[in-house]
There are 2 protein chains.
Amino acid sequence: MEHRIDRIKKQLHSQSYKLTPQREATVRVLLEREEDHLSAEEVYLLVKEKAPEIGLATVYRTLELLSELKIVDKINFGDGVSRYDLRKEGAAHFHHHLVCMECGSVEEIVEDLLDDVEKIVQDDWGFQVKDHRLTFHGVCRQCQKEVAQTS
Amino acid sequence: MEHRIDRIKKQLHSQSYKLTPQREATVRVLLEREEDHLSAEEVYLLVKEKAPEIGLATVYRTLELLSELKIVDKINFGDGVSRYDLRKEGAAHFHHHLVCMECGSVEEIVEDLLDDVEKIVQDDWGFQVKDHRLTFHGVCRQCQKEVAQTS
DNA sequence: TTTATAAATTATAATGATTGTAATTGACAC
DNA sequence: GTGTCAATTACAATCATTATAATTTATAAA
Ligand SMILES: [Zn+2]
Ligand SMILES: [Zn+2]
Ligand SMILES: [Zn+2]
Ligand SMILES: [Zn+2]
């Protein structure tokens with residue numbers, strides 16, 4: 001944990017930004033809830049537990065900054081809110097998501113399954129790929145079981 | 001064009017919805033601007049040219065309805081607005097997008113490049129895929145040329 | 001230690017997209 | 001014609017996000 005905070009601190013410093021207490025509190029929340037896909041509001045409420053005086057606008061600005069530095073990725077699953085997702089250590093690309101249409105759960109796929117596809121896009125369309133967003137919508141293992149039982 | 005309107009009319013009827021004049025005007029706009037990725041507001045302004053008395057809320061509701069019937073797909077490229085995209089005729093899945101980070105242009109890929117990936121997701125993760133969203137962010141052919149020239 | 005300067009934050013207001021509501025209209029069946 | 005129900009309109013309300021001005025904090029020079 002401290003190691004990762006330290007790394008993020010360095011990333012900020014390398015662009016002459018500081019790791020202020022508010023930013024650190026925000027990053028800690030993101031680290032603690034790494035499995036989740038929190039909205040700005042949710043991050044705000046969790047940060048408030050550590051640092052009650054923080055303002056929502058600061059959380060937005062911090063998430064925006066972390067987003068520019070590619071420390072977090074901003075993603076939208078189709079409900080009205082943006083969600084913020086820590087990049088896995090050393091990942092070149094954003095990871096993929098499996099969103100269950102039944103229960104709303106979100107699973108992550110860290111493996112980059114798109115190498116071949118990106119090559120095609122690059123070669124056949126002449127499009128230089130920098131990043132991607134891939135989300136599958138469907139039914140998770142758990143919900144499949146439940147459907148099988150009730151039928 | 002009339003053929004496609006007709007087909008959509010049937011799709012609505014099959015769920016006991018009607019193709020009202022407002023809905024038809026909205027669908028016509030979507031057909032005429034099929035290449036674009038219009039926001040609700042943009043659709044509204046274009047529909048207004050045909051049917052000035054239409055309300056914005058009706059456009060939202062119509063797009064929502066078309067979305068439920070899988071006639072259009074709702075997508076979000078990360079600017080604050082939802083955009084609405086007609087499904088290609090007979091397409092089982094939503095098509096893919098190439099968003100240029102330089103000029104903002106959006107290209108479409110109709111070919112389904114994800115068959116292999118979906119098979120992996122299905123087999124290795126036990127996730128039953130119903131649909132997907134795939135967007136590549138990068139630099140389009142045109143902008144690559146311009147960068148090459150100025151350097 | 002003061003003073004200056006810029007970055008960061010707070011509190012609050014404003015914006016912009018989207019949704020909800022109550023009243024009205026229109027189509028269709030009896 | 002009257003009743004019924006879906007659809008629409010006009011408008012208000014909500015929700016996420018951004019902008020603004022005032023204040024604080026950190027850093028560096030004097
Ligand atoms: Zn599920
Ligand atoms: Zn994730
Ligand atoms: Zn471009
Ligand atoms: Zn498209």
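Protein chains get the first letters and strands the later ones, always in sequence-line order, with residue 1 at the start of each.
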Rounded distance in Å - [atom1] ([X]) to [atom2] ([N]):
{"X": "A/Tyr60", "N": "D/dT17", "atom1": "OH", "atom2": "C1'", "answer": "5 Å"}
{"X": "B/Asp79", "N": "D/dT18", "atom1": "CG", "atom2": "P", "answer": "11 Å"}
{"X": "A/Leu56", "N": "C/dT15", "atom1": "CG", "atom2": "C1'", "answer": "15 Å"}
{"X": "B/Leu45", "N": "C/dA17", "atom1": "CG", "atom2": "P", "answer": "11 Å"}
{"X": "B/Lys74", "N": "C/dA17", "atom1": "NZ", "atom2": "P", "answer": "14 Å"}
{"X": "A/Glu24", "N": "C/dT9", "atom1": "CD", "atom2": "P", "answer": "12 Å"}
{"X": "A/Leu66", "N": "C/dA8", "atom1": "CG", "atom2": "P", "answer": "13 Å"}

Inset, instruction - May I ask you to list the residues sharing a hydrophobic cluster with A/Phe77, side-chain cutoff 4.5 Å, ordered by chain and number? - result: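 Members besides A/Phe77, by chain and number: A/Ile75, A/Phe94, A/Val99, A/Val106.
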
Legend entry - Side-chain cluster (under 4.5 Å, hydrophobic types only) that A/Val147 belongs to, other residues: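 Joined to A/Val147, directly or through intermediates: none.
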
Using nucleotides 4-14 of chain D, report all nitrogen or oxygen pairs with the protein that are shorter than 3.5 Å.
| residue | atom | partner | partner atom | Å |
| --- | --- | --- | --- | --- |
| D/dA7 | OP1 | B/Arg23 | NH1 | 3.2 |
| D/dT8 | OP1 | B/Thr20 | OG1 | 2.4 |
| D/dT8 | OP1 | B/Gln22 | OE1 | 3.3 |
| D/dT8 | O3' | B/Gln22 | NE2 | 3.0 |
| D/dT9 | OP1 | B/Gln22 | NE2 | 3.4 |
| D/dT9 | OP1 | B/Glu53 | O | 3.2 |
| D/dT9 | OP2 | B/Gly55 | N | 3.2 |
| D/dT9 | OP2 | B/Thr58 | OG1 | 2.6 |

Inset, instruction - Would you list the pairs meeting salt bridge (Lys or Arg N to Asp or Glu O under 4.0 Å) in which at least one residue belongs to residues 130-141 of chain A, sequence neighbours left out? - result: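 Every pair satisfying salt bridge (Lys or Arg N to Asp or Glu O under 4.0 Å) with a residue in residues 130-141 of chain A: A/Asp73-A/Arg133, A/Arg87-A/Asp131, A/Asp131-A/Arg133.
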
Inset, instruction - Tell me which residues in residues 31-41 of chain B put a heavy atom below 4.0 Å from DNA chain D, sorted by number, or none. - result: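 Those residues whose heavy atoms fall under 4.0 Å from DNA chain D, taken from residues 31-41 of chain B, amount to none.
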
Legend entry - Close side-chain approach of A/Glu32 and A/Lys50, heavy atoms under 4.5 Å: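 Yes, side chains in contact.
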
For [X], give me all partners under side-chain hydrogen bond (donor to acceptor under 3.5 Å, both in side chains), at least two apart in sequence or on another chain.
{"X": "A/His97", "value": "A/His37, A/Asp85, A/His95"}
{"X": "B/Asp124", "value": "none"}
{"X": "B/Glu49", "value": "none"}
{"X": "A/Tyr60", "value": "none"}

